[in-house]
*Asks:* 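I am attaching a structure below and will ask some questions about it afterwards.
Keep in mind the model is a prediction, meaning the values are calculated, not measured.
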Amino acid sequence: MDGISGFAIFSIVLLALCILTIFLGVKTVPQGRHYTVERFGRYTRTLNPGLHIIVPFIDMIGARLNMMEQVVDVPSQEVITSDNAMVTADGVVFFQVLDAANAAYEVNDLDRAILNLTMTNIRTVMGSLALDELLSQRDQINARLLSVVDDATTPWGVKITRIEIKDITPPIDLVEAMARQMKAERLKRAEILTAEGEKQAAILRAEGQKQSAILEAEGKKEAAFRDAEARERAADAEAKATTVVSEAIAHGDLNAVNYFVAQKYVEAMKEIGSARNSKTILMPMEASSIIGSIGGIAELFKGINGSNDSAKARSSQIPSTK
C-alpha cells in the first residue's frame, strides 16, 4: 500500500510538473499586442500576435505592450505668452508604439513620459507666441508640437500621430477687452465700407453728369448746326429773291417791286401784331404808302388777269382747222 501510494504521489507530481511546463512554454499573444521575451533577465526577442513556444523556466515574458494607437489627455495648465498674457490650455496626444523593445527598455513608464514631454513643449511653444497669434494660429501650434514631441519620442520606438490643443482660455478681463476691440474693429470696417460706397456712388453720379453734359453739348451742337444750315438756306433764298427783284427792276418791271415791298410791309405788320406786350400799335409810316403798295399788288394781279384774258381772246379768234 505504501509503494502504491508513493507511486501515485510521484505520478501526480510528475503530471503537475508536465502541465506547468506546458503552461510556461506555450504562450498565446492576442491581436494588437507584442510580448518581449527575457532569458535570465536579458531581452532576447519579441513575440508577435499568435501561438509561441518558449523554453520553460529559462525564458520569461518581460513586457506586454499595446501596439494600437493610444490617446493621453493633457491636463489644463497655465501658460504665459510672449506679451505677458496668462492663458489656460489643455490638449490631447495620440501615439502608437512601433518598436516594442525600445518602448519597453528605453523609457520607464511610457505614458507618463509622453504626457510630461507634451506639457513641457506646450508651455515652450505657446509661450513664444503673442496672445493674438496664440488664438488665431492653433493649427500651426499643433504642427510645431507634433514635430518637437515626435522627434523626442523616436528613440523610444513611439510615433506621435497627432497633438491637438483642445481649449485656450484667456482671463475674463482680457476676453472683455478683446470683445471691445473686436466691436471697434467691426465698426471701423463698417465705416470704411460705407465711405467706399459713398465714394463709388459719387463717382458714378459724376460720370452720369459728365455723360449727360456731353450728350447735351452734342445736342446743342447739332441744333446749332441745323439752325445755321436753315439760316444759310433762308439767306440763299433771300439772295435769290433779291436777285430776281433786281433783275425785274433792271428790266423796268415795277409790279415785281411793288409785290416785294408789299410783302415786307405785311410781314413787318404781322410781327408787330403778334408781340405779347403790344396792345396799342403806333404806326410811324404813312398808311397811304401801304395802301399804295397793296394797290400795286392789285394792279399786278389785274395785269396778270388781263394778260390771261387777252390770251384767251386771241385763242378764240383763231379759226378752227377742223
*Asks:* Taking a hydrophobic cluster as the set of Ile, Leu, Val, Met, Phe, Trp and Tyr residues connected by side-chain heavy atoms closer than 4.5 Å, whether directly or through intermediates, do Phe95 and Leu117 fall within one such cluster?
*Replies:*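 In one cluster with Phe95: Leu117, yes.
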*Asks:* Tell me if the NZ atom of Lys159 is crowded by more than 12 foreign heavy atoms within 6.0 Å.
*Replies:*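 Not more than 12 within 6.0 Å, no.
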*Asks:* What residues form a side chain to side chain donor-acceptor pair (under 3.5 Å) with Glu229, not counting sequence neighbours?
*Replies:*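 Counting only residues at least two positions away or on another chain, Glu229 forms a side chain to side chain donor-acceptor pair (under 3.5 Å) with Arg233.
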*Asks:* Search all heavy atoms of Ile163 against all heavy atoms of Val93 and return the closest pair with its distance.
*Replies:*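 Minimum heavy-atom contact is CG1-CG1, 4.1 Å.
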*Asks:* What distance do Thr81 atom OG1 and Ile168 atom CD1 have between them, rounded to the nearest 0.5 Å?
*Replies:*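 Taking OG1 in Thr81 and CD1 in Ile168, the distance rounds to 10.5 Å.
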*Asks:* CG/Leu47 to CZ/Arg64 distance, rounded to the nearest 0.5 angstrom?
*Replies:*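 Reported to 0.5 Å precision, the distance equals 10.0 Å.
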*Asks:* Taking everything shown except Ile172 itself, do over 12 heavy atoms lie less than 6.0 Å from its CD1?
*Replies:*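 12 or below, so no.
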*Asks:* Could you tell me which non-hydrogen atom of Val158 sits nearest to which non-hydrogen atom of Asp150, and how far apart they are?
*Replies:*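 Taking every non-hydrogen atom into account, O-OD1, 4.2 Å.
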*Asks:* When rounded to the nearest 0.5 angstrom, what is the spacing between CG in Leu131 and CD1 in Ile80?
*Replies:*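 Between atom CG of Leu131 and atom CD1 of Ile80 there are 13.0 Å.
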*Asks:* Between Leu110 and Val148, is there shared hydrophobic-cluster membership here, with clusters defined by ILVMFWY side-chain heavy atoms closer than 4.5 Å?
*Replies:*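 Leu110 and Val148: separate clusters.
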*Asks:* Between Gly32 and Asn66, what is the shortest heavy-atom contact and its length?
*Replies:*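 Of all heavy-atom pairs spanning Gly32 and Asn66, the closest is O-OD1, 3.4 Å.
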*Asks:* I'd like to know whether Glu78 forms a side chain to side chain contact (heavy atoms under 4.5 Å, CB included) with Val87, so could you lay out the CA-CA distance, the side-chain angles of the two residues, the decisive distance to 0.1 Å, and finally the verdict.
*Replies:* CA-CA 6 Å; Glu78 293 183 347; Val87 298; over 6 Å; no
*Asks:* Is atom CZ of Arg45 surrounded by more than 12 heavy atoms (other residues, nucleotides or ligands) closer than 6.0 Å?
*Replies:*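 Counting other residues, nucleotides and ligands, CZ of Arg45 exceeds 12 neighbours.
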*Asks:* Hydrophobic cluster membership, with links at side-chain heavy-atom distances under 4.5 Å among I/L/V/M/F/W/Y: are Met60 and Tyr43 in one?
*Replies:*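 Different hydrophobic clusters.
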*Asks:* Could you tell me if the side chain of Ile165 sits less than 4.5 Å from the side chain of Ile122, heavy atoms only?
*Replies:*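 Ile122 vs Ile165: side chains touch.
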*Asks:* Would you kindly confirm whether Phe94 and Val97 end up in one hydrophobic cluster when ILVMFWY residues are joined by side chain heavy atoms under 4.5 Å apart?
*Replies:*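 Hydrophobic grouping puts Phe94 apart from Val97.
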*Asks:* For a quick test of reading the model, state the closest non-hydrogen atom pair linking His52 to Asn48 and the distance between them.
*Replies:*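 Answer, listing the atom of His52 first, then Asn48: NE2-O, 2.6 Å.
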*Asks:* So does Gln96 have more than 12 non-hydrogen atoms from other groups sitting under 6.0 Å from CD?
*Replies:*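 Above 12, so yes.
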*Asks:* A quick test of your reading: do over 12 heavy atoms of other residues, nucleotides or ligands sit less than 6.0 Å from CZ of Arg112?
*Replies:*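 No, CZ of Arg112 has 12 or fewer neighbouring heavy atoms, counting only those of other groups under 6.0 Å.
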*Asks:* So for atom CG, which belongs to Asn108, do other residues, nucleotides or ligands contribute more than 12 heavy atoms lying within a distance under 6.0 Å?
*Replies:*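 12 or below, so no.
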*Asks:* Could you tell me whether the side chain of Asp59 and the main chain of Val37 form a donor-acceptor pair under 3.5 Å?
*Replies:*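 Checking the backbone N and O of Val37 against the side chain of Asp59, no donor-acceptor pair under 3.5 Å is found.
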*Asks:* Just jot down the side chain to side chain donor-acceptor pair (under 3.5 Å) partners of Thr161, sequence neighbours excluded, or say none.
*Replies:*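 Per chain and number, Thr161 pairs via side chain to side chain donor-acceptor pair (under 3.5 Å) with Glu69.
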*Asks:* Please step through side chain to side chain contact (heavy atoms under 4.5 Å, CB included) for the pair Thr46 and Asp99, ending with a clear verdict.
*Replies:* CA-CA 9 Å; Thr46 301; Asp99 190 331; 5.9 Å; no
*Asks:* Surrounding CD of Glu185 (heavy atoms of other residues, nucleotides or ligands, distance under 6.0 Å), is the total greater than 12?
*Replies:*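 For Glu185, atom CD is crowded (more than 12 foreign heavy atoms under 6.0 Å).
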*Asks:* Give the intermediate values and the outcome of side chain to side chain contact (heavy atoms under 4.5 Å, CB included) for residues Trp156 and Asn102.
*Replies:* CA-CA 5 Å; Trp156 303 343; Asn102 289 339; 5.6 Å; no
*Asks:* In Å and rounded to the nearest 0.5 Å, what is the CD to CE distance from Gln137 to Met126?
*Replies:*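 Reported value, rounded in 0.5 Å steps: 11.5 Å.
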*Asks:* Nearest 0.5 Å, please: how far is CD in Glu38 from CD1 in Ile54?
*Replies:*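 CD of Glu38 is found 10.5 Å from CD1 of Ile54.
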*Asks:* Answer whether the closest heavy-atom distance between the side chains of Pro49 and His34 falls below 4.5 Å.
*Replies:*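 Yes, their side chains come closer than 4.5 Å.
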*Asks:* Could you check whether any side-chain N or O of Ser82 sits under 3.5 Å from a backbone N or O of Ala130, counting only pairs where one atom can act as donor and the other as acceptor?
*Replies:*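 Here the side-chain-to-backbone pair exists.
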*Asks:* Any heavy-atom pair between the side chains of Met67 and Arg33 that's under 4.5 Å?
*Replies:*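 Side chain of Arg33 against side chain of Met67, heavy atoms only: no contact under 4.5 Å found.
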*Asks:* Is Ile141 reachable from Leu135 through a run of I, L, V, M, F, W or Y residues, each pair having side-chain heavy atoms under 4.5 Å apart?
*Replies:*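 They do share one cluster, since a chain of ILVMFWY contacts under 4.5 Å joins Leu135 to Ile141.
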*Asks:* Please list, chain by chain and in numerical order, all residues satisfying salt bridge (charged side-chain N to carboxylate O under 4.0 Å, His left out) with Glu196, sequence neighbours excluded.
*Replies:*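 For Glu196, no residue satisfies salt bridge (charged side-chain N to carboxylate O under 4.0 Å, His left out) once neighbours in sequence are set aside.
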*Asks:* Looking at every non-hydrogen atom in both residues, tell me the closest pair between Ala113 and Val107 and how far apart they are.
*Replies:*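 Result for this residue pair: CB-CG2, 3.7 Å.
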*Asks:* If only atom types and distance count, is the side chain of Thr153 paired as donor or acceptor with the main-chain N or O of Val149 below 3.5 Å?
*Replies:*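 Present.
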*Asks:* Ser128 and Arg144: which non-hydrogen atoms are nearest, and at how many Å?
*Replies:*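 Answer, listing the atom of Ser128 first, then Arg144: OG-NH2, 3.6 Å.
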*Asks:* Distance check, rounded to the nearest 0.5 Å: Thr120 atom OG1 versus Leu115 atom CG?
*Replies:*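 One finds 9.0 Å between OG1 of Thr120 and CG of Leu115.
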*Asks:* Is it the case that more than 12 heavy atoms not belonging to Phe57 sit under 6.0 Å from its CZ atom?
*Replies:*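 Enclosed: over 12 neighbouring heavy atoms sit under 6.0 Å from CZ of Phe57.
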